[in-house]
Number of protein chains: 2
Amino acid sequence: MTSAPGSPGDVLTLISAGSATTRSDLAKITGLARSTISQRVDALIESGLVEETESGESTGGRPPRQLRLHTEDHAFAGIDLGATHCRIALMDMSSDVLAECEDPLLIAEGPETVLAHVDRRLDELLERAGRPRAALRAVGMGVPGPVEFATGRPNNPPIMPGWNDYPIPEHFEGCAVFVDNDVNVMALGEHRNAYPGTRHLLFVKIGTGIGCGIVAEGTLHRGAQGSAGDIGHIRVSGHEDAGCRCGNSACLEAVAGGAAVARRLTELGIPAESGADVVALVQGGNTQALRLVREAGRLIGEVLASLVNFFNPEVIVIGGALSRVHEHLLAGIKETVYRRSLPLATHHLSIVPSRTGINAAALGAGILAIEHYLSPDNINRIVNA
Amino acid sequence: MTSAPGSPGDVLTLISAGSATTRSDLAKITGLARSTISQRVDALIESGLVEETESGESTGGRPPRQLRLHTEDHAFAGIDLGATHCRIALMDMSSDVLAECEDPLLIAEGPETVLAHVDRRLDELLERAGRPRAALRAVGMGVPGPVEFATGRPNNPPIMPGWNDYPIPEHFEGCAVFVDNDVNVMALGEHRNAYPGTRHLLFVKIGTGIGCGIVAEGTLHRGAQGSAGDIGHIRVSGHEDAGCRCGNSACLEAVAGGAAVARRLTELGIPAESGADVVALVQGGNTQALRLVREAGRLIGEVLASLVNFFNPEVIVIGGALSRVHEHLLAGIKETVYRRSLPLATHHLSIVPSRTGINAAALGAGILAIEHYLSPDNINRIVNA
DNA sequence: GAACTTTCGCCGAACATCGAACAAAGGCCA
DNA sequence: TGGCCTTTGTTCGATGTTCGGCGAAAGTTC
């Protein structure tokens, strides 16, 4: 059972979403009496969740006192663990970034080493932001592999040796921890940051591998086993010769991922090892690299065309390392999607590059944590305590 | 804002779902005081929504009075309009079928003719069930084409001439009307009837065309334009020569739909016009037909393998005309899905024939109507009136 | 048939919400 | 400058809702 409508948690949600900034607004929106709203707001202020600011503009009578989240006593961390990097964003309740950092870090070194590093950086960030460790209320984390979201344990992740079934949340004491696949948190970050009004969105990450985060009805769709969005191993036609590390052939990732494009360039006598090299070549004007990236776009577009027919999203966001040359990638993708998908599904469909960029994962992970903390049920618990 | 927890609507939901059959159960589940529950139940009985039955079994003390939906004064209709048929199920609040009928009916005759026919049949069914027209509270309808669900208007349906943008709900006065794509209501019917505990389910209808209804988090996913699940025009590899009525080539429907299989049989010198002919041939033991159906299964399986990776459902249900020979179809589908999808996604995946059968659409349409009528908000409105 | 168990209605107490009245704080205008 | 209007915010008694204890009802167990 959820809480009653108009509970402190609901009131905070309205303030947090910016739907209401004054007691009067709240009364109008919720339909509750002004006196009741005042009582709710008092409780929220008492709990340190909301604060009053200077009076606002008068509309002919007494000017209303503005309300906003009291962000000073709280902190949240969004942690983006990649195969070879670690990014952390320390955020406040309004999803504003207080401090951030980025390091090279091999996830293959295992959970103890990696999480110890995270811990040190987290302390540094808290100090830079001038907040005590106790201010840290919740932590979100994105990792490059499948996760059982309910328990925060990686589920046979192929590129995270030593992490299988490791109980990540237990490492952080005294605060709620949410671990999810990196593409899911990127999708969440992009959605909340750039397309908050959109109901159905796909975030496609094109790097060494290819993955997809799914936002349906405004919330992440993780699927039955938490493996939804694993589109890198969908078969594309006409590439039966391309073997994939998963054991099958003709996987999207094996023909259009950053590593695959690099390999094909190398075969053409243009040395490239990774997606980053490919990006550098394209930016340097190499026509072969440009051609292959566009061709990769077409192959990705073929898969996305299927998904557009199936899922009918409003927006598809293209992110990941290769999206830094998104003009060429997007050209190939759009060309194929608009040719192969049904008109009804593509009529209002936007296919766009990520606006949130390199920080989408860390931000999304932080937002995952913040949204849990600000959920009406959790707020009601805090206020009643 | 939704209603408070433990409202009459919530109480009815628990009774309706079978989660609670006595006042004591309700008190335990909701956490409300027994006296409060009694008051709620009284209000529901007063409104004619709930009734008491004979006392139940004693567990050592006073036996509880059993509660159940008072189904006698209400009726709901589920209408399944196909290209060439019309099935109607008259149902009560418990989703039990009171009366049903089935006629050949060409949807191409246009909305006035078709809806007039529906009206006549509806009156007959109501009379057979001994309920007045006023007992009809809500109507659900599935139609063979895309629909804007919010308004109940068909959206450029290819095989429903004259229906484009026709305001179907206006035809039924005095009761709520919900119009949806036929595959969506079939998915709903199958889910509620056979897999109520499942969170993510796909219902694949294989008839002349191929479509898919999507149940995500227990509710229908319709997509941004209501065109989600239109998988019939997803491209399959290796069939570039197969032209499709949509203008593209190599569409799944153009190579694995009932009409396509029939055409290929005809080319082999075995005359067949429709999916029904194909079914008859297979049931008659024709090995060519059997081979082609299995091959069609493999092609469908190729597409489903992609969707399993993307959506990660718990159950895929195969329905539609061709599923009457489901052993052969399923063999082809499973073979491909289990080969091409990721182990994590297929580990707990079931691929099964429809258990609800020919009536899935009419039942699902009725359930669509009933669930709206029994939604807590609607019940609270009724009780407070 | 006495003791026990469970259900259920009744009723006063506790609690939450409401709305009226009033105070506060500004604008508007003579 | 001062009076009046508008809007905001608080206080407080009235109202309505929910709770929990008590006793009656209706069975089982011994």
Side-chain angles (χ1 to χ4, degrees), chain A residues 1-12 14-15 19-47 50-68 70 376-377 379-381 383-385, chain B residues 1-12 14-15 19-47 50-68 376 379-381 383-385:
Chain A
M1 286 283 161
T2 61
S3 55
S7 66
D10 293 323
V11 170
L12 189 76
L14 290 167
I15 296 173
S19 313
T21 60
T22 71
R23 290 170 173 81
S24 283
D25 286 356
L26 288 165
K28 257 175 238 148
I29 294 176
T30 61
L32 289 132
R34 279 207 315 281
S35 49
T36 309
I37 289 294
S38 260
Q39 186 185 299
R40 293 284 147 78
V41 170
D42 287 349
L44 289 169
I45 292 175
E46 190 77 18
S47 304
V50 165
E51 63 185 351
E52 287 184 339
T53 66
E54 292 305 295
S55 290
E57 291 293 292
S58 164
T59 58
R62 172 174 173 172
R65 275 181 268 168
Q66 299 292 121
L67 302 170
R68 71 166 174 211
H70 177 71
D377 283 2
I379 292 299
N380 290 338
R381 261 205 3 243
V383 171
N384 293 331
Chain B
M1 288 282 162
T2 60
S3 55
S7 67
D10 292 323
V11 171
L12 188 76
L14 291 167
I15 297 173
S19 314
T21 61
T22 73
R23 290 171 174 81
S24 283
D25 286 357
L26 288 165
K28 257 175 237 149
I29 294 177
T30 61
L32 290 138
R34 282 197 311 282
S35 48
T36 308
I37 289 295
S38 261
Q39 185 185 299
R40 294 285 147 76
V41 170
D42 288 349
L44 289 169
I45 292 175
E46 190 77 19
S47 303
V50 165
E51 63 184 350
E52 287 183 342
T53 67
E54 291 305 292
S55 289
E57 290 293 290
S58 164
T59 58
R62 171 173 175 173
R65 277 179 267 169
Q66 300 291 120
L67 303 171
R68 70 166 176 213
I379 292 299
N380 290 338
R381 261 204 3 243
V383 171
N384 294 330

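Here the structure is a predicted model, which means the values were calculated and not measured. Throughout, protein chains are lettered first and strands after them, A, B, ... in sequence-line order, and every chain is numbered starting at 1.
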Quiz prompt | Closest-nucleotide 5' rank along DNA chain D - winner of A:P64 and B:T36 | solution =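 Nearest nucleotide further toward 5': that of A:P64.
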
Check the distance between [N]'s [atom2] and [X]'s [atom1] and give it to me in whole angstrom.
X: B:I37; N: D:dG20; atom1: CD1; atom2: C1'; value: 14 Å
X: B:D42; N: D:dT18; atom1: CG; atom2: C1'; value: 15 Å
X: A:R62; N: C:dG27; atom1: CZ; atom2: P; value: 13 Å
X: A:R23; N: C:dA25; atom1: CZ; atom2: P; value: 13 Å
X: B:I45; N: C:dC8; atom1: CD1; atom2: C1'; value: 12 Å
X: B:R65; N: D:dA25; atom1: CZ; atom2: P; value: 13 Å
X: B:N384; N: D:dG16; atom1: CG; atom2: C1'; value: 14 Å
X: B:L32; N: C:dA14; atom1: CG; atom2: P; value: 20 Å

Quiz prompt | Minimum-distance nucleotide (side-chain atoms of B:R34 versus C:dC8, D:dC19, C:dT17) | solution =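 Nearest to the side chain of B:R34 among the choices is C:dC8.
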
Practice problem: Go through C:dT17, C:dC8, D:dG20 for me and flag the one nearest to the B:A33 side chain. | Solution: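 For B:A33, the side-chain atoms sit closest to D:dG20.
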
Quiz item: Got a second to check how far A:T30's OG1 is from A:D10's CG, nearest 0.5 Å?
Solution: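 The CG atom of A:D10 is 9.0 Å from OG1 of A:T30, to the nearest 0.5 Å.
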
Does a side-chain N or O of [X] approach OP1 or OP2 of [N] to a distance below 4.0 Å, or not?
X: A:S38; N: D:dG9; result: no
X: B:S24; N: C:dT7; result: yes
X: B:S35; N: D:dT18; result: no

Self-check item: Exceeds 12 heavy-atom contacts within 6.0 angstrom, atom CD of B:E46
Solution: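 Not buried by this count: 12 neighbours or fewer within 6.0 Å.
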
